[in-house]
Amino acid sequence: MIDYDPASIENKWQERWEISGIWKADIDPSKPKFYLMFAYPGVSGYLHVGHMRGYTYSDVITRYKRMTGYNVLFPVGAHATGNVAISFARKIQRGNQEQIDILKSNNCPDEVIEKLKDPNFVVDFFSDVYVNQYWKKFGFLADWRRFMTTVDDGYKKFIQWQFRKLHEKKMLTQKPYYGTACMNCGPVAVDASETDISQGGNAEKQEWTVLKFKMGDEFVVAATLRPETVFGQTNFWANPDVEYVRAKVDDETWIISAEGAEKLSFQKDSVKIIGKISGKELIGKTVIAPVIDREIPILPSTFTDPDYGTGLVTSVPSDAPYDWIALRDLANNSEECKKYGLDQEMVKAIEPIPIIISKGWGLNPGVEICEKMGINDQNDPKLEEATKQIYKDGFHTGRMRDNCGKFAGMSVFDAKEEVKAMMLELGVADIMYDLSEPVICRCGAKVIVKLIPDQWFINYGNEEVTQIAKDFVPKMFIQPKEFKDNLPGNLDWFQERSCVRLGNWMGTPFPFDERWTIEPISDSTLYSAYYLVSNYVSDGKLQPEQMNEAFFDHIYLKKGSADEVASSTGIEKAVLESISADFDYWYPLDINLGGKEHQTVHFPVFLMNHAAIMPDMLPRGLFVNWWISGKGGKMSKSKGGAEPIPDAASIYTVDGLRLYYCHIASPHVDVEWDQDNVRHSKMRTEKIWKFANELMAMQGGDSQPIDSWLESRIHSHLQNIRTAMEKFDMRETAGIIFYEIYNDIRWYLHRGGNNAELISKILNAWLRTMAPFTPHMAEELWETGGNDGLISIAGYPKAEEFKQDKDAEAAEDYLRAVQSDISDILKMTGMMPKKICLYTAHGWKYEIQQKMVLEKKDMGFIMKEAMADPELRNKSKEISAFTSKLMKDMKRFGDGGMPSFEGTFEFNTLESAKEFFQKEFDCEFIIASADESEIYDPSNKKGVASPGKPGIHAEGSLN
RNA sequence: GCAGAGAUAGCCAAGCCAGGUCAACGGCGUUAGAUUCAGGGUCUAAUCCUUAGUGGUUCGCCGGUUCGAAUCCGGUUCUCUGCACCA
């Protein structure tokens, strides 16, 4: 036998495939087409073994389709838009040790690390890594000619065309937007991954309602997150230790903190500081509270932070624990009152005004929670928690009390928006945005919220487009089902989505205003169409500058004649016709495959853009795969998975890894990477390799009854494989191929099967079933077995190639059950058997079972009939016991599920396996029917026998 | 917070939509035995409790529907994903 050397087999066949060109996808009108792509990866550096899961599924599915007669298109690409490559390069420029360590552990040479300071090189370098170190090394048969990245010139032309079409559809809108930005670096993303920022990834953008309190000609301005509570205002807070400023905002003068004024200056056209006023000066004055139009006093507090909101706060002690505690502190502190010249009795007289009825709380939740939590002063950190709790309960369960004007009875949830709207309308309030915690940019500057007055959006709220997409969902093939069910809801939920941004980003300039760059999600919503053009760009038949609006209109929307477009673009007419034909042949896409993170963003917008631009060409299917994670979340060196992908391929072998991805679990659950499991998959391929070699060496033999069983099993397996693969159920399929068929053939040999001709026929089919999963091993064995051509393009085996024989399968199932019963008994007793007797049941039991199971007779009928028969009459007790048990069993099996036996069939089956049993248990076997007279039955087992379950008597030495 | 998904034996994971052949596929791990067996190999058997085979208890937790529930319904706790300038 040839030793198994996976590494050399991998190289050998990857080379052969490369040369053979079977990966090239060209039109073949004689075959149905199948077009699958996966959501291309962002160029974010080296990937880990988890990423290969979905990619591998793609190759397995397309290989299967190819072998079942489809002409397959499987292109790959990479997503470079945005700031991933830029921030990657910046990290290298800054000498980020963590990043450099990752590169080094992936065997990245120093001179390359040096070059990775250039974002463009980052894109080129990792594109090459993905293609050559990952996908080709995993044996993928992708159409490499079509490889593209989203920053290719041709791709940019394509995206610009797409946005022109969206504009024609009136789906591009423009309106003000508040975005996060750094004054030095421009727009930054504030998110948990912290790619742009060095601190504050969990910050949220909050909308503050700015309340204007009239004080003479000026306004003292507070900010609140709870505008609906204005009805409960009792006083106003200023921090005596803070120096506030007078700022000219539009035509008004606002008193706010300097920090607040700065923030506001990014969000309003004119904010100009014209003076100062200390907190102390404000205290003791009175202001007119908005909405309630009441005069309230300004009191001192220490919890008011100049950096939070406007640095000034209105006080609602009924629902704000901070306010209540501060008020109480002050009322009880005569010294403090004196210090600010306040009338202590006046402060004491301030009572909370109940405004919200909240589940589980009385009149003043803010007061109650402080008592409950034992909060005693305004610097107690528990106040934060108390505030959150009250807010949560009030927001979800609360209703406005009767003293809240026209909002009385309204839920807090609704009142919040309505009160805010009313105040804006009246001009007593304004809006301001801020981040919930400090955020610091990579450059060290503070990240602020900035008004972008003319932000562009794609309006996914467009009803016509949404409807087209929603209507199409039921016709699509979508796995898993849960996602299919949710997708229409996701589509409805999508409204406007900002689609361009300013600043230093990689990507396509926005065609209507080139200062803007189209953002990363918006430029990956139609790209399956570009794969039908990219190969022409790659081989130079098409120049990016020729790819104008007329060109894409012609290819995708069938506008204009080939002659016209050829002359206006300068593209050869033949090329134009060829591209056009390609598109007509391959489009629409059959499957877009991607990770679970794409469910609510990428897949819906992918559908919507097709619905908007190519409503007749909507993708026919989506396949979502879940993730592979390390134990406890991250991949780790000690537990595996963190090694570079090429290293993992050499440790576990490519076929081993492919089998692992396919067989470890359903594609739609997360899996923990476990070295032992991966190693097992590798050994499984090796085991099958050896076994296949042994089978190939078989000679001669003769045909026996067990042959029919094996053939029939293979028939069923092939049928089940087809059914499973139609749903791309790769786990089920891999289980059948790599475990069940393997076990069946071994059982066949164990049972004495030795028909080399049959085995050779089965092996031939078996190898073909394996090919999509473990293609390298399958090719090698295919060649060793003397077959011509590549197995990768051989036909996938069909169930009809093997004869079905239900009786043979039933007989074998029966024998296995008997064997297992005998084993159980021997195990229980610890007996070394000398003699085992098997008794098939009494004939009347078969008759009754037949009548009940097949003829559906009931118990009364059976008993009546039995009593009429003189021979059965004296067995009535036995009969009724047997019959009622049978009734029970039948119920357990459900409708028609209970197998029924004939006595002769059972007896003959046992008789035919006698020799096998004797060898198996190494003892004498006696097989008899319970109806035979004078049979040896010392422990009276013939009586307990029932159809399908023979009585068993064993004797021998106990040890 | 909002939306969605999930919780199955020591571990990883099928089954759930279409309730009964489910003590619950498969794998890992563990244990025992075999192998002229050198490098985590292969094979056989066992692996909830009980037992001369048809018995008991189990599928996050609590309750309900049903002759019958891992599967259906309600509630509850915990985990994961997305939430719109991260891709």
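It should be emphasised that the depicted structure is a prediction, and the values quoted were computed from it without experimental measurement. By convention in this document, chain letters (A, B, ...) are assigned in the order of the sequence lines, proteins followed by strands, and residues within each chain are numbered from 1.
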Completion exercise
Applied to residues 450-460 of chain A, the side-chain hydrogen bond (donor to acceptor under 3.5 Å, both in side chains) test, sequence neighbours excluded, yields A:Y460-A:N609
Exercise for the section: Could you work out the separation of B:A23 and B:U47 based on their P atoms and round it to a whole Å? Expected result: 15 Å
Exercise for the section: Please name all residues satisfying side-chain hydrogen bond (donor to acceptor under 3.5 Å, both in side chains) with A:E482, sequence neighbours left out, ordered by chain then number. Expected result: none
Practice task
Can you check whether any acceptor in the base of B:C85 is under 3.5 Å from a donor in the side chain of A:Q455, or vice versa?
Solution key: yes
Exercise for the section: When you get a sec, tell me which of B:C28, B:G26, B:A87 is the closest nucleotide to the side chain of A:Y739? Expected result: B:G26
Contact list (N/O, under 3.5 angstrom) for nucleotides 2-4 of chain B vs protein:
| from | atom 1 | to | atom 2 | distance (Å) |
| --- | --- | --- | --- | --- |
| B:G4 | O3' | A:N486 | ND2 | 3.1 |
| B:G4 | O2' | A:N486 | ND2 | 2.9 |

Practice task
Report yes if a side-chain nitrogen or oxygen of A:H680 is closer than 4.0 Å to either non-bridging phosphate oxygen (OP1 or OP2) of B:C28; otherwise report no.
Solution key: yes
Problem - Strand-adjacent residues in residues 171-181 of chain A, judged by heavy atoms under 4.0 Å from RNA chain B - result: A:Y177, A:T180
Exercise for the section: Tell me, please, which residues at least two apart from A:E496 pass side-chain hydrogen bond (donor to acceptor under 3.5 Å, both in side chains). Expected result: A:T173, A:K175
Handout entry: Stems where RNA chain B pairs, listed by first number, each of three or more Watson-Crick or G-U pairs under 3.5 Å
Key = B:1-7 with B:77-83, B:10-12 with B:26-28, B:29-35 with B:41-47, B:60-64 with B:72-76
Handout entry: Letter per nucleotide, 5' to 3', of nucleotides 38-44 of chain B [B base touched, S only sugar-phosphate touched, - untouched; heavy atoms, 4.0 Å]
Key = --B-SSS
Can you give me the N/O atom pairs linking the protein to nucleotides 45-53 of chain B at distances under 3.5 Å, or say none if there are none?
| from | atom 1 | to | atom 2 | distance (Å) |
| --- | --- | --- | --- | --- |
| B:A52 | N6 | A:A954 | O | 2.7 |
| B:A52 | N1 | A:A954 | N | 3.0 |
| B:G53 | N1 | A:P950 | O | 3.3 |
| B:G53 | N2 | A:D821 | OD2 | 3.2 |
| B:G53 | N2 | A:P950 | O | 3.1 |

Practice task
State which residue, out of A:F483, A:F728, A:F623, fulfils the ring pair (Phe, Tyr, Trp, His ring centres under 6.0 Å) condition with A:F477.
Solution key: A:F728
Filtered N/O pairs between nucleotides 77-80 of chain B and protein, under 3.5 Å:
| from | atom 1 | to | atom 2 | distance (Å) |
| --- | --- | --- | --- | --- |
| B:C80 | O2' | A:K596 | NZ | 2.9 |

Practice task
Can you sort out the partners of A:E809 under side-chain hydrogen bond (donor to acceptor under 3.5 Å, both in side chains), two or more places apart, ordered by chain and number?
Solution key: A:S712, A:S716
Exercise for the section: Could you list all the salt bridge (charged side-chain N to carboxylate O under 4.0 Å, His left out) pairs where at least one residue sits in residues 727-739 of chain A, not counting sequence neighbours? Expected result: none
Exercise for the section: For A:W626, check side-chain hydrogen bond (donor to acceptor under 3.5 Å, both in side chains) against everything at least two apart and list the hits. Expected result: none
Problem - Phosphate OP1/OP2 of B:G29: any A:N677 side-chain N/O under 4.0 Å - result: no
